[in-house]
Amino acid sequence: MTLQAKRTDAVARDEHDALSAYRDEFYLQPGSIYMDGNSLGLLSKRAEKTLLESLSDWKELGIDGWMKGRHPWFELSERLAALNAPLVGAQAEEVMVTGSTTVNLHQLVATFFQPTEGRDKILADALTFPSDIYALQSQLRLRGLDPETHLVQVPSRDGRFLEEDDIIAAMTDDIALIVLPAVLYRSGQILDMERLTKAAHDRGILIGFDGCHSVGAVPHAFHDWGVDFAYWCNYKHLNGGPGTVGGLFVHERHFGTLPGLTGWFGSRKDKQFDMDHTMTPAAHAGAFQIGTPHVLSLAPQIGALEMFDEVGIEAVRTKSLALTQYMMELVEQELTPYGFVIGNPIDDKRRGAHLSLEHPEAARICKALKENRIIPDFRAPNIVRLAPVALYNTFTDVYDVVATLKRIMEDKEYERFANEREVVA
Ligand SMILES: *Cc1c(COP(=O)(O)O)cnc(C)c1O
């Protein structure tokens with residue numbers, strides 16, 4: 001196929017796209033292609049609307065916004081939890097929208113890490129996001145345990161992927177708790193959460209997952225898999241806004257477990273304003289809230305999550321897989337001669353929602369892409385991460401990104417930039 005014919009083919013794919021109407025729901029910058037929705041999802045018109053409505057509620061109602069606002073603030077976290085629940089395969093009561101990714105991890109480890117004599121270690125992996133590791137290290141220190149000896153990190157054989165067999169082999173008798181990513185943030189590998197959960201439970205170990213790169217892109221069945229807990233952020237694939245409030249899941253079998261970090265918003269709602277010094281925790285995941293919710297940061301999620309509710313996660317996943325599959329085909333045809341290596345899983349069952357293209361010049365290739373108004377992100381030392389997002393990217397976007405990358409390589413346009421990362425990458 002000529003390049004022109006390939007672009008025509010991409011346009012035809014867009015014409016058959018069942019989700020194409022959603023692109024207009026988002027603020028896309030004309031002439032620019034956004035491929036970074038796995039770091040910060042874009043603003044939608046609906047999210048803007050629900051944020052502005054909550055702002056007006058504050059303006060017009062003051063304190064009465066808690067009960068009488070268009071989106072009453074007092075129940076807002078619970079309402080958003082119900083919208084998150086189908087995305088993670090949970091009952092509404094098992095989910096809470098609260099805190100942030102790292103804070104929720106602290107909360108869950110403070111709750112579920114119960115070291116005993118001889119079983120006092122936490123198992124994680126060598127490829128996970130640094131904040132998760134920092135949180136686990138500090139939780140160990142708080143218990144008087146040394147992270148050097150008590151945090152076990154399963155190594156990767158190739159620096160890209162984790163082998164479930166290796167993780168299971170590391171589930172030894174001294175492990176009390178396991179925390180792993182659902183989708184690895186660099187390679188986009190999906191771990192087999194069902195298998196890992198079963199293996200952990202067979203050995204008497206609790207297990208939780210970080211869903212930052214999976215929630216809103218990949219279906220989950222946390223409840224049916226029996227996962228003990230999970231946590232995620234709502235600003236990546238869920239488009240809730242920069243730093244918006246995160247999510248957590250606690251399996252119903254743990255309802256009634258006293259949260260490690262308690263605060264008055266974890267109370268039963270009818271009891272909260274009794275102002276009693278004996279807490280009556282909510283009977284469900286609501287107990288894991290700590291303080292007053294960040295209402296203006298929650299508000300955009302109402303509109304953003306409504307779209308996932310309409311479309312359903314299966315349709316999002318189907319389009320996402322088609323986009324990444326198509327991008328991999330184009331990369332193989334057009335970019336492998338320039339030294340790019342596909343560093344994400346090829347198999348649909350193991351591939352998350354982004355491509356991880358490895359190249360020694362990745363840092364400055366990303367800068368050249370930005371110069372061409374294409375927004376990727378760079379992950380040191382050598383990864384160009386590209387996330388074609390189901391709700392707002394097109395097959396034509398994918399084509400144009402690959403064609404631009406090819407031109408950048410052909411013309412050596414990247415050589416005009418220094419091969420080092422920027423402060424925010
Ligand atoms: C984005 C991300 C985080 C970020 O945590 P915050 O507390 O929201 O800053 C943590 N873990 C993973 C795997 C992530 O992808």
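Please read these numbers as outputs of a predicted model, since none were measured by experiment. Counting starts at 1 for both ligands and their atoms, following the listed order.
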Worksheet item: Would Arg253 and Asp228 pass as an ion pair if we require N to O under 4.0 Å?
Response: yes
Worksheet entry | Under-4.0 Å salt bridge between Lys198 and Asp202 | yes
Worksheet item: Under a 4.0 Å heavy-atom cut-off, which residues neighbour ligand 1?
Response: Ser100, Thr101, Thr102, Phe129, Asp132, Asp210, Cys212, His213, Tyr235, Lys236
Worksheet item: So how far is it from Asp174 CG to Ile122 CD1, rounded to the nearest 0.5 Å?
Response: 12.0 Å
Fill in: Partner residues of Ser356 under the side chain to side chain donor-acceptor pair (under 3.5 Å) criterion, sequence neighbours left out
none
Sequence neighbours left out, cut at 3.5 Å: what donor-acceptor pairs do the side chains of residues 418-425 make with other protein atoms?
unit_1, atom_1, unit_2, atom_2, d
Asn419, OD1, Ala363, N, 3.3
Asn419, OD1, Arg364, N, 3.0
Asn419, ND2, Pro360, O, 3.0

Worksheet item: What residues form a ring-ring contact (aromatic ring centres under 6.0 Å, His included) with Phe129, not counting sequence neighbours?
Response: Tyr185
